[in-house]
Amino acid sequence: MFSDVEMVVFMEELEEKIQSINDNVLLLEKYGGSPEVIQEIFRAAHTIKGSSAVMGFEKMAGLTHEIENIFDRLRQGTMQVNTFLVDILFEALDKLKMLKDEITRGADDVQVENILLKLRSIQAAGGAEVPAGREADGGAGLVLSTETPDQLDDVVMATVREAEVRGFQAFWVFVAIDSGCQMKNVRAFLIFETLQQTGEIIHSNPPAEEIQDGKYDQGFSLVFITKEDMGQVKNLLMSIAEVNTVEIVQLDSREVNGFQEESDEDGREEAKNDGVQRAAAGGADKTTIKTVRVDVQKLDTLMNLVSELVIDRTRLDRFVDVFESKYGSDDLVENIVEISNHLGQITTDLQDEIMKARMLPVATVFNRLPRMVRDIAQKLGKEIDFVVEGKETELDRNVIEVIGDPLIHLIRNAIDHGIESPEERRRLGKPGKGRVVLKASYVESHIVITLTDDGRGMELEKIKKKALERGVVRPDVLARMSEREAMDLIFMPGFSTAEEVSDVSGRGVGMDIVKSQIEQINGTVEYSSEVGRGTIFQIKLPLTLVIIRALMVGMGDQVYAFPLSNVMETLAIKESDIKIIRHSEVIVVRGSVLPLLRLANLFQIDSERGNGKLYVVVLGSGNRRVGVVVDRLIGEQEIVIKSLGRYLGQMTGLSGATILGDGRVALIIDAKGIVKDAGKEELAYAN
Amino acid sequence: MFKPGGGSSEEKVVVFNLRDQVYGIDIDSVLEIIRMESVTSVPGTREFIEGVINLRGKVIPIMDLSKRLNMPPCRVSESSRVIIVEAGGVTVGMIVDSVSEVLRIPVSAIQPPPAMIAESSVKAINGIALVDERLVILIDPGKVLYEEERDELAKIGV
């Protein structure tokens, strides 16, 4: 199910987030709970919860869920930080580390019940000191069993399927016995007897023999097949003395099935639904993963060195030519030619390999999702047909590392808020199964990830109402907003339309984070939604953060690079085409007015005014356009973005530098900034 | 002030010439010395910043040290060199007229700058050494890169 690569990514992320929680809890202890620290821990816990649930590590997901809950309370101020809380947090953190080790070892022997109980009771007490839970480590939890319905293995599910075909229903039953019970074996026997009168127990955890010998903690779980309904089963069980709690979940083999068919497409061996077994199947020995985590900066340095090699090789080539013409086909000359060619081959290969080292297929993220979709859908009682396309699309690893989180949020939202319940969908004349399509593809020099659902779409009025309720926007401001602006409120911090806190979505870790995470890596998030038809989110990302396609232009003796993503077109104009409107130069292009900006004026540099012929690079960002006048166009080229460093400070109009083939430095124009500034100027004149 | 480093009583200094005067800079902060090459000017930077160059794939800012020390701009010639220094985590090149040698200067030969210089706007000078009847003006790399900024920040009351 999950490949080694995915495990590595997961483990790396885990390591990082645990470290982050650790550091921040230390800060919490030292300086009390500043909002930033609390938010940081909350997010880290949230991330671990999400990814561990996806990977099937239920204990870890459960534990981080409780940590997240605590920080949510701290965030809202319904709980305060004190030493007792910090102690418990450290204990929880230790447990988290143990769970991580457990995954590495491929074992399943860490108990989390005790710490979960503590975390819950401190929440219940609002942070006040409580008696330290029940010390019996190893299963003091009341309704916690070592197995949950979605951990049942294939054999059990196959039996369930058969039973369903024969008209039986299958239930997962958890029975908790009074903690003071003296005759656990007798109670267990009675439970088994009672149930077997009306049906068949096909599975139990712990195994039936152990249960009947009384070898269980507070309770045990069973899978029970019967023709009775859920209520009757529950009544039967509750009628037995010393039975404390009965929890029943109806099992539906079809949903589990749908998921498995999906993942079988990979052609990989389907691991059991149990998380730990899966971990073991992912790689025979987790302790010997043969990868090294390399700082991307090191790759950058390598890349720089290789570019230098390329330049030197070009020089060597020139030297070889001189040599050849001077000495003819001498043996020595031939040797040099050979060396030069070989060097060229090696530098090219080296360059390719380093570039490849930075790229990963999006599958590393996408493969984690079907399982998550299935779990969420099951929790929410929705039926989802989840389609993934374009897994093989490759992306820079920095980009890959960032997109996981936002995607999970978007998918959760789509299932939680977008897709209606099966009944509602049928009533609306839609197929009962909601369709969610995740697709990655290359579009020019970008990768575009679209998430399409055929759910209810976003309703403007609902969004407005929520925004007001959450205090995201003032009523008078909202009244002045256009429809689109009002819709964009979904990207505001604190906006979340979930009615209640579920562990699926809706805590206000929402669209604002999605947007800022995507923008951090130079991406954009766009959406369109139609009420009743569904919503499409489109994330546009650069393939890599280091290489872009650019239009090179000349100004005097210097070369500048315009990122091609912002270049709409280029025009050749005459000086006489330029008109003046309100002190600004403009030209008319196909009937509409295009404001002009002279690069020479902007940068106060010399320009070769000569034959009256000018070139205009039309830049666009959003729906704004600006024409930039340059001396000459050189052509398109792939360039490696380099930082100008912090010593030079913030420069308007520039976003970085690149190194040309001849070793000179060319500056990269900040097209977005220029377009934005031009807009401001226009506005100033208009006023 | 040059601190006597590691118990030694000598400072190793790269000696260079700028507008007929002799300057020195602590060798520990010097990464390398290169020939002048084509500099790409960067608009909107401080006046003494000459532009950027490509140093083995890294883009490095270059300053005109002469301008930085409130003197007329440098005159680039065959002997001009760029001293690449690192201070405070940044790497910057300084254009100088020529580089002559590396000197060991006894700490005892180093004197604080005369009060007049110390209080002038040029705070980048942190000592003067008398070596073989020559006066070597010692430049503090950290201050030459940053001092002015601090002054500017102080002026606007940050």
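First the proteins, then the strands, lettered A, B, ... as listed; each starts at 1. Everything quoted here is computed from the prediction, not taken from an experiment.
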Which portion of B:S41 sits near chain A, non-hydrogen atoms under 4.5 angstrom = both

Should the pair B:R134-B:E101 be classified as a salt bridge under the 4.0 Å nitrogen-to-oxygen rule?
-> yes

Contact part of B:I53 toward chain A, heavy-atom cut-off under 4.5 Å: side chain, backbone, both or neither?
-> backbone

B:K58 atom NZ: more than 12 heavy-atom contacts under 6.0 Å = no

Does any heavy atom of chain B fall under 4.5 Å from the side chain of A:Q558, the backbone, both, or neither of them?
-> side chain

Toward chain B, the part of A:L648 with a non-hydrogen atom under 4.5 Å = both

Let me see the working for A:V629 and A:E585 under side chain to side chain contact (heavy atoms under 4.5 Å, CB included), right down to the final yes or no.
-> CA-CA 11 Å; A:V629 181; A:E585 291 183 320; 5.7 Å; no

Contacts under 3.5 angstrom, residues 14-24 of chain B side chains, donor-acceptor by atom type, not counting sequence neighbours:
from  : atom 1 : to    : atom 2 : distance (Å)
B:N17 : ND2    : B:S98 : OG     : 3.0
B:R19 : NH1    : B:P72 : O      : 3.4
B:R19 : NH1    : B:P73 : O      : 2.9
B:Q21 : OE1    : B:Y23 : OH     : 3.3

If one checks every heavy atom of B:V52 against chain A at 4.5 Å, the contacting part turns out to be both

Nearest heavy atoms of B:V39 and B:E50, plus distance in Å | CG1-O, 3.6 Å

Cut-off 4.5 Å, heavy atoms of chain B, and the answer for A:S643 is backbone

